[in-house]
Amino acid sequence: MASYKITLRHAQGIQISFHSEQHTSLLDALEQSKIQIEFQCREGFCGACRVRLCKGKVGYRHKPLAFIDKNEILACSCQPLTDIDIDIDIN
């Protein structure tokens, strides 16, 4: 039952919470906080939900198949393991 803080850079420093008992993924936490980002597959296959991880650590339910660079994560299939800072463009 972990809880972590997610800070959105370039979005006036908006902060939301991730609660492992409520959220299945980072994307789920963003959606429940009414923050929209691009996504398609929700399984780590397409890479549409790719965001930049600026600080912190995440883990994956299963290894993503989409290509990601060193500082990128897939919001649809990762979960924070610590407080994180991410860089996203809010729609």
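Quick note: numbers below take in every heavy atom, side chains included, and nothing from hydrogens, waters or symmetry partners. Owing to the predicted nature of the structure, the values given are computational and were not obtained by experimental measurement.
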A.B. asks: Looking only at heavy atoms, which two atoms of Val58 and Pro80 are closest? And how far apart?
C.D. replies: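 Nearest pair, atom of Val58 first, then Pro80: CG1-CA, 4.0 Å.
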
A.B. asks: Quick check: closest heavy atoms across Ala66 and Gly47, and the distance to 0.1 Å?
C.D. replies: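 Heavy atoms only, the tightest pair is CB-N, 3.5 Å.
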
A.B. asks: How long is the gap from CD on Glu72 to CZ on Arg50, to the nearest 0.5 Å?
C.D. replies: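 Output value for this atom pair is 5.0 Å.
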
A.B. asks: Using only atom types and a distance under 3.5 Å, with no angle test, would you say the side chain of Arg61 pairs donor to acceptor with the backbone of Glu43?
C.D. replies: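 Flag not set: sc Arg61 to bb Glu43 has no pair under 3.5 Å.
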
A.B. asks: Between the main-chain N or O of Tyr60 and the side-chain N or O of Ser77, is there a donor-acceptor pair closer than 3.5 Å?
C.D. replies: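 Looks like no, no N/O pair under 3.5 Å.
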
A.B. asks: Kindly say whether Arg52 contributes a backbone atom to a donor-acceptor pair with the side chain of Asn71 at under 3.5 angstrom?
C.D. replies: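 Absent.
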
A.B. asks: Can you find a heavy atom in the side chain of Ile86 that is under 4.5 Å from one in the side chain of Thr7?
C.D. replies: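 Side-chain contact under 4.5 Å: no.
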
A.B. asks: Taking the side chain as C-beta and beyond, is there a heavy-atom pair between Ile16 and Leu30 under 4.5 Å?
C.D. replies: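 A side-chain contact under 4.5 Å exists here.
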
A.B. asks: As a test of understanding, state which of Asp28, Thr24, Leu26, Leu27 forms a side-chain contact (heavy atoms from CB on, under 4.5 Å) with Cys76.
C.D. replies: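 With Cys76 as partner, side-chain contact (heavy atoms from CB on, under 4.5 Å) holds for just one option, Leu27.
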
A.B. asks: Looking at CG of Leu8 and CD1 of Ile84, how far apart are the two atoms once the value is rounded to the nearest 0.5 Å?
C.D. replies: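 Output value for this atom pair is 8.5 Å.
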
A.B. asks: How many angstroms lie between atom CD of Glu31 and atom CZ of Arg42, to the nearest 0.5 angstrom?
C.D. replies: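 So the CD of Glu31 and the CZ of Arg42 are separated by 4.0 Å.
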
A.B. asks: Once rounded to the nearest 0.5 Å, what's the spacing between atom CG of Leu74 and atom OG of Ser25?
C.D. replies: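 That separation rounds to 10.5 Å.
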
A.B. asks: How long is the straight-line distance from NE2 of His23 back to OG of Ser33, given to the nearest 0.5 Å?
C.D. replies: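 One finds 6.0 Å between OG of Ser33 and NE2 of His23.
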
A.B. asks: As an exercise, state the distance from NZ of Lys55 to CG of Asp87, rounded to the nearest 0.5 Å.
C.D. replies: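 It is 14.5 Å, given to the nearest 0.5 Å.
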
A.B. asks: Around atom CD of Gln22, are there more than 12 heavy atoms of other residues, nucleotides or ligands at under 6.0 Å?
C.D. replies: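 More than 12 within 6.0 Å, yes.
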
A.B. asks: Between Ala75 and Ile37, what is the shortest heavy-atom contact and its length?
C.D. replies: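 Heavy atoms only, the tightest pair is CB-CD1, 3.7 Å.
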
A.B. asks: For Gln79, is there any backbone N or O sitting under 3.5 Å from a side-chain donor or acceptor partner on Tyr4?
C.D. replies: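 No; judged by distance alone, with no hydrogens or angles, the pair does not exist.
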
A.B. asks: According to a hydrophobic-cluster definition based on side-chain heavy atoms being under 4.5 Å apart (Ile, Leu, Val, Met, Phe, Trp, Tyr only), do Ile14 and Phe18 belong together?
C.D. replies: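 Per the 4.5 Å side-chain linkage, Ile14 and Phe18 are co-clustered.
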
